[in-house]
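Here is the structure we will look at.
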Amino acid sequence: MSRLPPVAARVSRLRRVSRGRVSAAAAAPVGARAAGRRRAAQQFWQLPEPELDRLLAVASEVDRVELKLIVPAHAHGSTCEALGVDFTRARRLRVCYLDTPDHALHRNGVVARIRSIVGGPDDAVVKLRPVVPADIPRRLRRAQDFVVEVDGMPGYYVCSGALRARLGADDVARVIAQRRAAHRLFTRRQLRLLSSRLPAGVRPEDLVMFGPVDAGRTKIRVAGLDRRLLVERWTYPDGSRILELSTRCLPTEALRVGARTADVLRAHGVELTGPHPTKTRATLDYFAGAAAAQRPR
């Protein structure tokens, strides 16, 4: 498999490609309705106009767009009450990440995650971010279990590619309980993709586990929104939590869905602030800090 370029190079190329496409688009007349939709969408995206253009250019090459919002800790209770979120019947998950102790994978734009899902099959994912869609090897891009998407939250977005694998119902729980090598849960294709981003001298079996984090997820209907919101609450061992709202749409719907989502959330008193650390970064930092605190001084 071809080795993708380093993160910095991919970001640079992403911007160059986007700028070229934007210049062509900018020459086209923009109607009052389209301009109004852009202004409304900015309530969610909160990006400078050139960055919004780049987002739309990148979105034209992906499979889907996911809008995400991390709710500030002080607003968890009020947000759940306003949206009618009930976690008593939420699907339960346990999430773990694999990385080197110094987060070398994360620094190189790789996320390796395993997830135990109560009442359903476990799964494993190797995610690359950022990626340039045109730079993804054709064979990987065409794979049925590989998805390219734009993840965006107020003030920030990134293009990512994820290779997923379905596991058995208790595979992750057994690995955690028996302290077995978690990298064995990944498929051969996932391991090849993972190995292409590992630093020199580091093997998949050298990766350590960060987690698990207990999580609950539920989908809700909110008046005024034509799609469901996914609500996830992650609870760390010290009781601290992350609350995330998200919804997916087609790339061509990014402006409309962004505008409508912003209107509906604001109407329910939900703060549209950001950007915030991703769940991945927050989890790696949390368990790295916990491990450091336990070391003898």
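For clarity, every value in this text was computed on a predicted model and none was experimentally measured.
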Between [atom1] of [X] and [atom2] of [Y], what distance do you get to the nearest 0.5 Å?
X: L67; Y: S246; atom1: CG; atom2: OG; result: 9.0 Å
X: R217; Y: L93; atom1: CZ; atom2: CG; result: 6.0 Å
X: R92; Y: I117; atom1: CZ; atom2: CD1; result: 13.5 Å
X: I114; Y: L167; atom1: CD1; atom2: CG; result: 8.0 Å
X: K127; Y: F146; atom1: NZ; atom2: CZ; result: 10.5 Å
X: E66; Y: M153; atom1: CD; atom2: CE; result: 9.5 Å

Side chain to side chain, [X] and [Y], heavy atoms closer than 4.5 Å:
X: V222; Y: H268; answer: yes
X: V208; Y: D99; answer: no
X: L245; Y: K68; answer: no
X: R115; Y: D122; answer: no
X: C159; Y: P133; answer: yes
X: L243; Y: C80; answer: yes
X: S160; Y: E149; answer: yes
X: S195; Y: P204; answer: yes

Residues E271 and H74: side-chain donor-acceptor under 3.5 angstrom: yes

Do the side chain of [X] and the main chain of [Y] share a donor and acceptor less than 3.5 angstrom apart?
X: T247; Y: R228; answer: yes
X: N108; Y: V110; answer: no
X: Q190; Y: T187; answer: yes
X: T261; Y: G258; answer: no
X: R64; Y: V150; answer: no
X: E253; Y: L250; answer: yes
X: D285; Y: A282; answer: no

Atom CZ of R166 with >12 non-hydrogen neighbours under 6.0 angstrom: no

Are [X] and [Y] connected in the hydrophobic side-chain network, where two residues link if heavy atoms are under 4.5 Å apart?
X: V126; Y: V111; result: no
X: I70; Y: L47; result: no
X: L198; Y: L193; result: yes
X: L98; Y: I176; result: yes
X: L83; Y: V71; result: yes

Which pair of heavy atoms, one from [X] and one from [Y], lies closest together, and at what distance?
X: R241; Y: H76; value: O-CE1, 3.5 Å
X: P48; Y: Q42; value: C-NE2, 4.2 Å
X: R94; Y: P212; value: NH2-CG, 3.2 Å
X: T283; Y: W234; value: OG1-CZ3, 3.5 Å
X: P251; Y: V65; value: CA-CG2, 3.8 Å
X: A112; Y: L105; value: CB-CD1, 4.3 Å

query: When you look at R227 and L225, which way does the side chain to side chain contact (heavy atoms under 4.5 Å, CB included) test go after all the steps?
result: CA-CA 6 Å; R227 63 198 59 239; L225 196 61; 4.1 Å; yes

- request: Starting from the C-alpha separation in whole Å, work towards a yes-or-no answer on side chain to side chain donor-acceptor pair (under 3.5 Å) for D214 and T235.
  value: CA-CA 5 Å; D214 291 317; T235 303; over 6 Å; no

Chi angles and distances behind the salt bridge (Lys or Arg N to Asp or Glu O under 4.0 Å) call for D171, R174: CA-CA 5 Å; D171 286 353; R174 280 196 293 269; 2.6 Å; yes

message: Is the distance from the ring center of Y97 to that of H106 below 6.0 Å?
response: no

Salt bridge between [X] and [Y], side-chain N to carboxylate O under 4.0 Å?
X: E232; Y: K219; result: no
X: R38; Y: D53; result: yes
X: D263; Y: R266; result: no
X: D226; Y: R256; result: yes

task: Carefully, step by step, assess E49 and R54 under the rule salt bridge (Lys or Arg N to Asp or Glu O under 4.0 Å).
output: CA-CA 9 Å; E49 284 296 321; R54 289 168 193 152; over 6 Å; no

message: Angle between ring planes, F287 versus Y236, binned at 30° and 60°: parallel, tilted or perpendicular?
response: tilted

task: Given salt bridge (Lys or Arg N to Asp or Glu O under 4.0 Å), test D63 with R141 step by step and report yes or no.
output: CA-CA 10 Å; D63 302 313; R141 184 68 178 90; 3.3 Å; yes

Working for side chain to side chain contact (heavy atoms under 4.5 Å, CB included), residues D123 and R113: CA-CA 8 Å; D123 63 19; R113 186 197 72 200; 4.0 Å; yes

- request: Apply salt bridge (Lys or Arg N to Asp or Glu O under 4.0 Å) to the pair R164 and D145, showing each step before the final yes or no.
  value: CA-CA 6 Å; R164 302 178 184 277; D145 48 0; over 6 Å; no

query: Would V118 and R91 satisfy side chain to side chain contact (heavy atoms under 4.5 Å, CB included), going step by step from the backbone distance to the final call?
result: CA-CA 7 Å; V118 176; R91 171 161 281 192; 5.6 Å; no

field: E244 vs T278, side chain to side chain contact (heavy atoms under 4.5 Å, CB included): CA-CA, chis, key distance, verdict
entry: CA-CA 10 Å; E244 181 188 79; T278 63; over 6 Å; no

field: ring pair (Phe, Tyr, Trp, His ring centres under 6.0 Å) evaluation trace for F210 with H103
entry: CA-CA 10 Å; F210 293 81; H103 301 174; 5.3 Å; yes

